[in-house]
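Accompanying notes for the structure given below.
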Amino acid sequence: MERRNKYSVLLPTYNEKDNLPIIIWLLVKAFTESGDDFEIIIIDDGSPDGTLDVAKQLQTIYGDKKIVLRPREKKLGLGTAYIHGIKHATGNFVVIMDADLSHHPKFIKEFIGKQKEKDYDLVSGTRYSGNGGVYGWDLKRKIISRGANYVTQVLLRPGASDLTGSFRLYKKEVLEKLVQSCKSKGYVFQMEMIIRARQFGFTIGEVPISFVDRVYGESKLGGNEIFQFAKGLLYLFATT
(Lines give C-alpha, C1' and ligand atoms only; values in the text may rest on other atoms or scores of the structure.)
Protein backbone atom coordinates (compact mmCIF):
# COMPACT_ATOMS: atom_id res chain seq x y z
CA MET A 1 0.00 0.00 0.00
CA GLU A 2 1.49 3.36 -0.93
CA ARG A 3 2.07 5.87 1.78
CA ARG A 4 -0.53 8.60 2.02
CA ASN A 5 0.87 12.02 1.31
CA LYS A 6 1.03 14.52 4.12
CA TYR A 7 1.42 18.24 3.59
CA SER A 8 3.30 20.40 6.11
CA VAL A 9 2.52 24.11 5.73
CA LEU A 10 5.35 26.36 6.92
CA LEU A 11 3.94 29.68 8.06
CA PRO A 12 6.58 32.21 9.16
CA THR A 13 4.88 35.04 11.09
CA TYR A 14 5.85 38.46 12.34
CA ASN A 15 3.09 40.71 13.67
CA GLU A 16 0.24 38.79 12.05
CA LYS A 17 -2.22 38.51 14.96
CA ASP A 18 -5.13 39.87 12.89
CA ASN A 19 -4.42 37.67 9.89
CA LEU A 20 -3.51 34.43 11.62
CA PRO A 21 -7.01 33.23 12.68
CA ILE A 22 -8.30 33.87 9.15
CA ILE A 23 -5.45 32.17 7.30
CA ILE A 24 -5.55 29.16 9.65
CA TRP A 25 -9.32 28.83 9.22
CA LEU A 26 -8.93 28.98 5.42
CA LEU A 27 -6.11 26.41 5.49
CA VAL A 28 -8.03 23.96 7.67
CA LYS A 29 -11.08 24.42 5.43
CA ALA A 30 -9.06 23.83 2.24
CA PHE A 31 -7.42 20.63 3.50
CA THR A 32 -10.63 19.32 5.07
CA GLU A 33 -12.44 19.78 1.75
CA SER A 34 -9.66 18.15 -0.29
CA GLY A 35 -9.31 15.30 2.20
CA ASP A 36 -5.52 15.61 2.35
CA ASP A 37 -3.56 14.98 5.53
CA PHE A 38 -1.86 18.16 6.82
CA GLU A 39 -0.17 20.08 9.61
CA ILE A 40 0.49 23.81 9.93
CA ILE A 41 3.81 24.82 11.46
CA ILE A 42 3.73 28.39 12.76
CA ILE A 43 7.22 29.90 13.06
CA ASP A 44 6.76 33.17 14.92
CA ASP A 45 9.84 35.36 15.15
CA GLY A 46 9.18 37.04 18.51
CA SER A 47 6.29 39.23 17.28
CA PRO A 48 5.68 42.05 19.77
CA ASP A 49 1.97 42.24 18.85
CA GLY A 50 0.96 38.96 20.52
CA THR A 51 0.86 36.75 17.40
CA LEU A 52 2.14 33.80 19.45
CA ASP A 53 -0.72 34.12 21.97
CA VAL A 54 -3.19 33.99 19.10
CA ALA A 55 -1.36 30.95 17.71
CA LYS A 56 -1.67 29.21 21.11
CA GLN A 57 -5.43 29.87 21.14
CA LEU A 58 -5.71 28.44 17.63
CA GLN A 59 -3.80 25.37 18.77
CA THR A 60 -6.36 24.72 21.51
CA ILE A 61 -9.14 25.00 18.91
CA TYR A 62 -7.67 22.79 16.18
CA GLY A 63 -5.36 20.58 18.25
CA ASP A 64 -1.59 20.25 18.49
CA LYS A 65 -1.44 17.63 15.72
CA LYS A 66 -2.71 20.17 13.19
CA ILE A 67 -1.24 23.38 14.62
CA VAL A 68 2.42 23.03 15.55
CA LEU A 69 4.11 26.00 17.24
CA ARG A 70 7.84 26.43 16.69
CA PRO A 71 8.57 30.04 17.72
CA ARG A 72 11.97 31.74 17.77
CA GLU A 73 13.24 34.50 20.00
CA LYS A 74 13.67 37.18 17.36
CA LYS A 75 13.40 38.05 13.68
CA LEU A 76 15.99 35.89 11.92
CA GLY A 77 14.85 35.92 8.31
CA LEU A 78 12.90 33.74 5.91
CA GLY A 79 15.60 31.27 4.90
CA THR A 80 16.37 30.31 8.49
CA ALA A 81 12.63 30.14 9.25
CA TYR A 82 12.27 27.46 6.57
CA ILE A 83 15.30 25.53 7.83
CA HIS A 84 13.82 25.70 11.34
CA GLY A 85 10.38 24.67 10.07
CA ILE A 86 11.57 21.73 7.93
CA LYS A 87 13.22 20.18 11.00
CA HIS A 88 9.81 19.85 12.59
CA ALA A 89 7.82 18.91 9.48
CA THR A 90 6.42 15.37 9.49
CA GLY A 91 4.93 15.59 5.97
CA ASN A 92 6.62 14.32 2.80
CA PHE A 93 5.54 17.55 1.07
CA VAL A 94 6.00 21.10 2.31
CA VAL A 95 3.90 24.14 1.38
CA ILE A 96 5.46 27.56 1.89
CA MET A 97 3.26 30.65 1.90
CA ASP A 98 2.80 34.04 3.55
CA ALA A 99 0.57 34.46 6.59
CA ASP A 100 -0.67 37.91 5.51
CA LEU A 101 -3.62 36.69 3.38
CA SER A 102 -1.89 37.56 0.11
CA HIS A 103 -1.93 33.83 -0.72
CA HIS A 104 -5.30 32.09 -0.70
CA PRO A 105 -5.18 28.48 0.57
CA LYS A 106 -7.80 27.46 -2.04
CA PHE A 107 -4.93 27.21 -4.56
CA ILE A 108 -3.17 24.46 -2.57
CA LYS A 109 -5.55 21.85 -3.99
CA GLU A 110 -4.47 22.92 -7.49
CA PHE A 111 -0.79 22.74 -6.45
CA ILE A 112 -1.32 19.18 -5.23
CA GLY A 113 -3.13 18.23 -8.45
CA LYS A 114 -0.39 19.76 -10.60
CA GLN A 115 2.35 18.00 -8.61
CA LYS A 116 0.70 14.63 -9.19
CA GLU A 117 0.43 15.20 -12.97
CA LYS A 118 4.15 14.68 -13.59
CA ASP A 119 5.49 14.01 -10.10
CA TYR A 120 7.02 17.51 -10.05
CA ASP A 121 9.75 18.24 -7.51
CA LEU A 122 8.20 21.63 -6.86
CA VAL A 123 5.12 23.54 -7.91
CA SER A 124 5.21 27.34 -7.90
CA GLY A 125 2.27 29.71 -7.83
CA THR A 126 2.59 32.25 -10.64
CA ARG A 127 1.06 35.71 -10.96
CA TYR A 128 2.34 36.07 -14.51
CA SER A 129 0.79 33.32 -16.59
CA GLY A 130 -2.66 31.92 -17.34
CA ASN A 131 -5.31 33.69 -15.28
CA GLY A 132 -2.89 34.63 -12.48
CA GLY A 133 -2.78 38.24 -11.36
CA VAL A 134 -2.16 40.81 -8.65
CA TYR A 135 -4.84 42.74 -6.77
CA GLY A 136 -4.42 45.80 -4.58
CA TRP A 137 -1.11 46.95 -6.00
CA ASP A 138 -0.61 50.41 -7.45
CA LEU A 139 0.86 50.77 -10.93
CA LYS A 140 4.36 51.48 -9.57
CA ARG A 141 4.53 48.20 -7.68
CA LYS A 142 3.13 46.25 -10.62
CA ILE A 143 5.74 47.76 -12.94
CA ILE A 144 8.57 47.10 -10.47
CA SER A 145 7.47 43.51 -9.93
CA ARG A 146 6.95 42.77 -13.63
CA GLY A 147 10.17 44.56 -14.53
CA ALA A 148 12.16 42.65 -11.92
CA ASN A 149 10.68 39.41 -13.16
CA TYR A 150 11.46 40.26 -16.80
CA VAL A 151 15.08 41.23 -16.11
CA THR A 152 15.50 37.99 -14.20
CA GLN A 153 14.06 35.98 -17.08
CA VAL A 154 16.51 37.55 -19.51
CA LEU A 155 19.57 37.16 -17.29
CA LEU A 156 18.94 33.79 -15.69
CA ARG A 157 16.48 31.86 -17.93
CA PRO A 158 15.02 30.06 -14.94
CA GLY A 159 12.33 27.98 -16.61
CA ALA A 160 9.58 29.46 -14.42
CA SER A 161 7.44 32.54 -14.97
CA ASP A 162 7.25 33.94 -11.42
CA LEU A 163 10.44 33.97 -9.40
CA THR A 164 9.80 36.26 -6.48
CA GLY A 165 6.54 34.64 -5.40
CA SER A 166 6.58 32.79 -2.10
CA PHE A 167 3.61 30.43 -2.52
CA ARG A 168 4.98 27.01 -3.41
CA LEU A 169 4.75 23.26 -2.86
CA TYR A 170 7.96 21.24 -2.53
CA LYS A 171 8.88 17.63 -2.00
CA LYS A 172 10.38 17.82 1.47
CA GLU A 173 13.83 16.49 0.53
CA VAL A 174 13.98 18.90 -2.43
CA LEU A 175 13.22 21.88 -0.20
CA GLU A 176 15.87 20.75 2.29
CA LYS A 177 18.52 20.60 -0.41
CA LEU A 178 17.53 23.96 -1.90
CA VAL A 179 17.37 25.85 1.39
CA GLN A 180 20.82 24.58 2.35
CA SER A 181 22.29 25.70 -0.98
CA CYS A 182 20.80 29.21 -0.92
CA LYS A 183 22.83 32.18 0.27
CA SER A 184 20.38 35.04 -0.28
CA LYS A 185 18.13 36.73 2.25
CA GLY A 186 14.68 38.30 2.01
CA TYR A 187 13.08 39.08 -1.33
CA VAL A 188 15.82 37.47 -3.44
CA PHE A 189 15.74 34.21 -1.46
CA GLN A 190 12.62 32.91 -3.29
CA MET A 191 14.22 33.69 -6.62
CA GLU A 192 17.43 31.87 -5.74
CA MET A 193 15.39 28.80 -4.75
CA ILE A 194 14.04 28.53 -8.32
CA ILE A 195 17.46 29.17 -9.89
CA ARG A 196 19.09 26.50 -7.73
CA ALA A 197 16.23 24.10 -8.49
CA ARG A 198 17.00 24.45 -12.18
CA GLN A 199 20.73 23.94 -11.52
CA PHE A 200 20.06 20.71 -9.66
CA GLY A 201 17.76 19.54 -12.46
CA PHE A 202 14.61 19.52 -10.34
CA THR A 203 11.31 19.66 -12.23
CA ILE A 204 9.08 22.71 -11.79
CA GLY A 205 5.32 22.89 -12.33
CA GLU A 206 3.32 26.13 -12.25
CA VAL A 207 -0.20 27.05 -11.15
CA PRO A 208 -1.68 30.49 -11.90
CA ILE A 209 -2.66 32.26 -8.66
CA SER A 210 -4.21 35.57 -7.76
CA PHE A 211 -2.08 37.49 -5.29
CA VAL A 212 -3.89 39.97 -3.03
CA ASP A 213 -1.91 42.73 -1.37
CA ARG A 214 -1.90 42.45 2.39
CA VAL A 215 -5.08 43.44 4.18
CA TYR A 216 -3.67 44.28 7.60
CA GLY A 217 -0.21 45.42 8.61
CA GLU A 218 2.71 46.92 6.75
CA SER A 219 3.72 46.10 3.20
CA LYS A 220 7.27 44.85 2.82
CA LEU A 221 8.35 46.31 -0.52
CA GLY A 222 10.26 49.58 -0.37
CA GLY A 223 13.12 51.32 -2.17
CA ASN A 224 15.71 49.43 -0.15
CA GLU A 225 14.19 46.15 -1.25
CA ILE A 226 14.49 47.08 -4.90
CA PHE A 227 18.18 47.81 -4.28
CA GLN A 228 18.59 44.47 -2.48
CA PHE A 229 16.80 42.73 -5.33
CA ALA A 230 19.15 44.23 -7.93
CA LYS A 231 22.17 43.29 -5.82
CA GLY A 232 20.87 39.75 -5.35
CA LEU A 233 20.13 39.39 -9.03
CA LEU A 234 23.68 40.35 -9.96
CA TYR A 235 25.03 37.90 -7.36
CA LEU A 236 22.95 35.08 -8.86
CA PHE A 237 23.95 36.06 -12.38
CA ALA A 238 27.61 35.93 -11.37
CA THR A 239 27.37 32.60 -9.55
CA THR A 240 24.99 30.49 -11.67
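The figures that follow rest on heavy atoms only: side chains count, while hydrogens, waters and symmetry mates do not. Numbering of residues begins at 1 and proceeds along the displayed sequence. Given the structure is predicted, the values throughout are model-derived calculations rather than measurements.
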Check: [Y] and [X] side chains under 4.5 Å, non-hydrogen atoms:
{"X": "Ile61", "Y": "Ile24", "result": "no"}
{"X": "Tyr170", "Y": "Leu178", "result": "yes"}
{"X": "Asn5", "Y": "Asp36", "result": "no"}
{"X": "Leu27", "Y": "Phe38", "result": "no"}
{"X": "Val179", "Y": "Met193", "result": "yes"}

When rounded to the nearest 0.5 angstrom, what is the spacing between [atom1] in [X] and [atom2] in [Y]?
{"X": "Ile194", "Y": "Ser124", "atom1": "CD1", "atom2": "OG", "result": "4.5 Å"}
{"X": "Glu206", "Y": "Arg127", "atom1": "CD", "atom2": "CZ", "result": "11.0 Å"}
{"X": "Lys65", "Y": "Asp37", "atom1": "NZ", "atom2": "CG", "result": "12.0 Å"}
{"X": "Leu52", "Y": "Gln57", "atom1": "CG", "atom2": "CD", "result": "10.5 Å"}
{"X": "Lys114", "Y": "Ile204", "atom1": "NZ", "atom2": "CD1", "result": "13.0 Å"}
{"X": "Asp45", "Y": "Thr13", "atom1": "CG", "atom2": "OG1", "result": "7.0 Å"}

Is [X] reaching over with its side chain to a backbone N or O of [Y], donor-acceptor style, under 3.5 angstrom?
{"X": "Thr51", "Y": "Glu16", "value": "yes"}
{"X": "Arg196", "Y": "Lys177", "value": "no"}
{"X": "Asp98", "Y": "Asp100", "value": "no"}
{"X": "Glu176", "Y": "Ile86", "value": "no"}
{"X": "Lys66", "Y": "Val28", "value": "no"}
{"X": "Gln59", "Y": "Asp64", "value": "no"}
{"X": "Arg72", "Y": "His84", "value": "no"}
{"X": "Thr126", "Y": "Val207", "value": "no"}
{"X": "Thr203", "Y": "Asp121", "value": "yes"}

Looking at every heavy atom in both [X] and [Y], which two are closest together, and how far apart are they?
{"X": "Phe167", "Y": "Phe111", "result": "O-CE2, 3.4 Å"}
{"X": "Ala81", "Y": "Ile43", "result": "O-CD1, 3.4 Å"}
{"X": "Arg70", "Y": "His88", "result": "NE-ND1, 3.0 Å"}
{"X": "Tyr82", "Y": "Pro12", "result": "CE2-CG, 3.8 Å"}
{"X": "His103", "Y": "Ile23", "result": "O-CD1, 3.7 Å"}
{"X": "Asn19", "Y": "Ala99", "result": "CB-O, 3.3 Å"}

Which residue pairs pass the ring pair (Phe, Tyr, Trp, His ring centres under 6.0 Å) test with at least one member in residues 50-78, sequence neighbours excluded?
->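 Every candidate ring pair (Phe, Tyr, Trp, His ring centres under 6.0 Å) pair involving residues 50-78 fails, so no pair, neighbours aside, qualifies.
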For Val68, the option from Ile41, Ile40, Ile42 that meets side chain to side chain contact (heavy atoms under 4.5 Å, CB included) |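 Only one of Ile41, Ile40, Ile42 forms a side chain to side chain contact (heavy atoms under 4.5 Å, CB included) with Val68, namely Ile41.
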Under the salt bridge (charged side-chain N to carboxylate O under 4.0 Å, His left out) rule, collect the residues that match up with Glu39, sequence neighbours excluded.
->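 Residues passing salt bridge (charged side-chain N to carboxylate O under 4.0 Å, His left out) with Glu39: Lys6.
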Charged N-O contact under 4.0 Å between Lys75 and Asp44 |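 Not counted as a salt bridge, because no side-chain N and carboxylate O are separated by less than 4.0 Å.
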Does the pair Asp119/Lys171 count as a salt bridge with the N-to-O cut at 4.0 Å?
->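 So Asp119 pairs with Lys171 through a salt bridge.
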Begin from the C-alpha positions of Val174 and Phe200 and carry the test side chain to side chain contact (heavy atoms under 4.5 Å, CB included) through to its verdict.
-> CA-CA 10 Å; Val174 169; Phe200 290 132; over 6 Å; no
All pairs passing salt bridge (charged side-chain N to carboxylate O under 4.0 Å, His left out) where residues 19-30 contributes a residue, at least two apart |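 Of all non-adjacent pairs touching residues 19-30, those that pass salt bridge (charged side-chain N to carboxylate O under 4.0 Å, His left out) are Lys29-Glu33.
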Mutual orientation of the aromatic rings belonging to Phe93 and Tyr7 [parallel < 30°, tilted 30-60°, perpendicular > 60°] |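 The arrangement is parallel - the two ring planes meet at less than 30°.
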Should Leu20 and Leu11 be marked as a side chain to side chain contact (heavy atoms under 4.5 Å, CB included) after you check the CA-CA gap, both sets of side-chain angles, and the distance that decides it?
-> CA-CA 10 Å; Leu20 199 59; Leu11 214 55; 4.0 Å; yes
